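Side chains included, hydrogens not; waters and symmetry mates left out as well; all remaining heavy atoms used. No experiment lies behind these values; they were computed from the predicted model shown.
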Amino acid sequence: MATLQSHRQKGIGEALIHEAERRLAGLGCIKINLQIVASNSTVLGFYRKCGYEVEERISMSKLLSKA
């Protein structure tokens with residue numbers, strides 16, 4: 001989810017997050033996990049403002065070559 005730079009600080013992103021949370025809860029979802037690039041401190045602050053907390057986790061990935 002993203003908001004255009006020109007539309008930030010207007011509550012749009014927060015409204016989108018709250019609506020997504022509402023819909024997920026309606027489907028029975030009990031927890032949301034986010035993956036954020038560590039260097040993106042701006043979005044980290046945004047999600048903290050929305051009530052999200054940092055959890056210690058390890059995220060792993062592997063790129064597979066195209067055959």
Side-chain angles (χ1 to χ4, degrees):
M1 203 175 296
T3 305
L4 288 172
Q5 183 72 33
S6 60
H7 289 74
R8 292 183 185 162
Q9 302 297 316
K10 297 179 181 180
I12 297 168
E14 196 168 348
L16 289 169
I17 292 298
H18 290 309
E19 180 62 17
E21 291 171 345
R22 185 188 71 74
R23 291 181 185 206
L24 287 167
L27 293 171
C29 181
I30 60 170
K31 184 178 182 183
I32 299 170
N33 292 309
L34 304 172
Q35 287 192 328
I36 300 168
V37 177
S39 62
N40 194 345
S41 59
T42 301
V43 78
L44 181 64
F46 168 77
Y47 282 116
R48 281 187 166 149
K49 179 182 169 191
C50 291
Y52 289 79
E53 299 175 0
V54 174
E55 293 182 340
E56 294 298 322
R57 299 284 185 265
I58 296 173
S59 180
M60 298 177 72
S61 66
K62 178 180 180 180
L63 292 175
L64 303 177
S65 61
K66 294 181 181 180

By side-chain hydrogen bond (donor to acceptor under 3.5 Å, both in side chains) - contacts of Ser59 (at least two apart):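 With sequence neighbours excluded, Ser59 shows a side-chain hydrogen bond (donor to acceptor under 3.5 Å, both in side chains) to Gln35, given in chain and number order.
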Let me check something: do Phe46 and Leu44 share a hydrophobic cluster, defined by ILVMFWY side-chain heavy atoms less than 4.5 Å apart, either directly or through other members?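 They do not share one cluster, since no chain of ILVMFWY contacts under 4.5 Å joins Phe46 to Leu44.
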Out of curiosity, Thr3 OG1 to Gln9 CD, how far, rounded to the nearest 0.5 Å? 10.0 Å
One should read off an interatomic distance between Cys50 SG and His18 NE2, to the nearest 0.5 angstrom, of 5.0 Å
Applied to residues 44-54, the salt bridge (Lys or Arg N to Asp or Glu O under 4.0 Å) test, sequence neighbours excluded, yields Glu14-Lys49
Is Ile58 atom CD1 crowded by more than 12 heavy atoms from other residues, nucleotides or ligands, each under 6.0 Å away?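 No.
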